[in-house]
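Working notes for the structure below.
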Amino acid sequence: MWVIKEDKKGTCKTLAELMRHIRNAIAHGHITFTSDTFSQDSRELDEVVFEFNDRPGDVGPYNWCASIKGNALREFCTKFVTEVKNATD
């Protein structure tokens with residue numbers, strides 16, 4: 001199971017879909033941190049949540065949103081690398 005939580009707007013059926021949405025969110029600046037939005041200013045990973053938003057075009061509502069706690073990000077990245085390596089072997 002992946003440690004990233006998707007909202008009900010849209011869920012990914014494949015790892016490729018998940019990575020496309022995350023890539024789009026980062027590339028278009030649609031990533032926020034709870035420490036940015038709620039003035040928590042925490043530097044502790046277990047107190048920070050990363051939120052990714054994606055939409056089909058430059059404007060309009062988001063059709064995908066996901067979040068992950070900072071302390072789960074390493075686990076997510078490690079699992080992702082393992083999945084990619086297994087797919088390419």
Side-chain angles (χ1 to χ4, degrees):
M1 178 168 172
W2 292 95
V3 293
I4 194 164
K5 296 178 186 174
E6 297 176 277
D7 73 358
K8 293 183 177 19
K9 292 178 188 173
T11 56
C12 299
K13 294 181 176 96
T14 67
L15 179 59
E17 286 181 37
L18 178 64
M19 294 317 300
R20 179 179 54 84
H21 283 301
I22 292 173
R23 177 257 173 228
N24 288 349
I26 294 169
H28 297 284
H30 301 295
I31 180 172
T32 56
F33 309 88
T34 55
S35 60
D36 292 343
T37 57
F38 299 114
S39 301
Q40 292 175 343
D41 198 26
S42 178
R43 296 187 186 272
E44 300 297 322
L45 283 179
D46 61 339
E47 297 176 2
V48 177
V49 175
F50 298 84
E51 184 174 290
F52 303 88
N53 294 286
D54 190 21
R55 59 183 171 209
D58 292 336
V59 295
Y62 294 117
N63 66 345
W64 181 84
C65 178
S67 61
I68 187 169
K69 289 191 78 169
N71 59 348
L73 194 55
R74 179 180 299 206
E75 177 186 345
F76 175 84
C77 292
T78 301
K79 184 173 181 180
F80 172 70
V81 168
T82 301
E83 291 292 322
V84 170
K85 185 174 182 316
N86 290 341
T88 58
D89 283 345

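Sequential numbering from 1 along the given sequence is applied to the chain's residues.
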Stepwise side-chain hydrogen bond (donor to acceptor under 3.5 Å, both in side chains) check, Asn53 with His30 = CA-CA 5 Å; Asn53 294 286; His30 301 295; over 6 Å; no
inquiry  = I'd like to know if the side chain of Arg20 and the backbone of Arg23 have a donor-acceptor N/O pair within less than 3.5 Å.
reply    = no
request  = Kindly compute the distance separating CD1 (Ile4) from NZ (Lys79), expressed to the nearest 0.5 Å.
outcome  = 12.0 Å
message = Once rounded to the nearest 0.5 Å, what's the spacing between atom CG of Leu73 and atom OG1 of Thr78?
response = 9.5 Å
key: Test salt bridge (Lys or Arg N to Asp or Glu O under 4.0 Å) applied to Lys85 - qualifying residues, sequence neighbours left out   = Asp89
note = Separation between CG (Leu18) and OG1 (Thr11), nearest 0.5 Å, reads 10.5 Å
ask   = Mind checking whether Ile26 and Tyr62 sit in one hydrophobic cluster, side chains of I, L, V, M, F, W, Y counted as touching below 4.5 Å?
value = no
ask   = Looking at His21 and Cys12, what are the two nearest heavy atoms and their distance?
value = CD2-SG, 3.5 Å
key: hydrophobic_cluster_shared for Ile22 and Phe80, side chain cutoff 4.5 Å   = yes
key: Taking every non-hydrogen atom, the tightest pair across Pro56 and Pro61   = CD-O, 4.3 Å
request  = Establish whether Met19 and Phe52 are linked, either directly or via other cluster members, by ILVMFWY side-chain heavy-atom contacts under 4.5 Å.
outcome  = yes
message = Could you tell me if the side chain of Trp64 sits less than 4.5 Å from the side chain of Glu17, heavy atoms only?
response = no
task = With sequence neighbours excluded, tell me which residues meet ring-ring contact (aromatic ring centres under 6.0 Å, His included) with Phe50.
result = Phe33
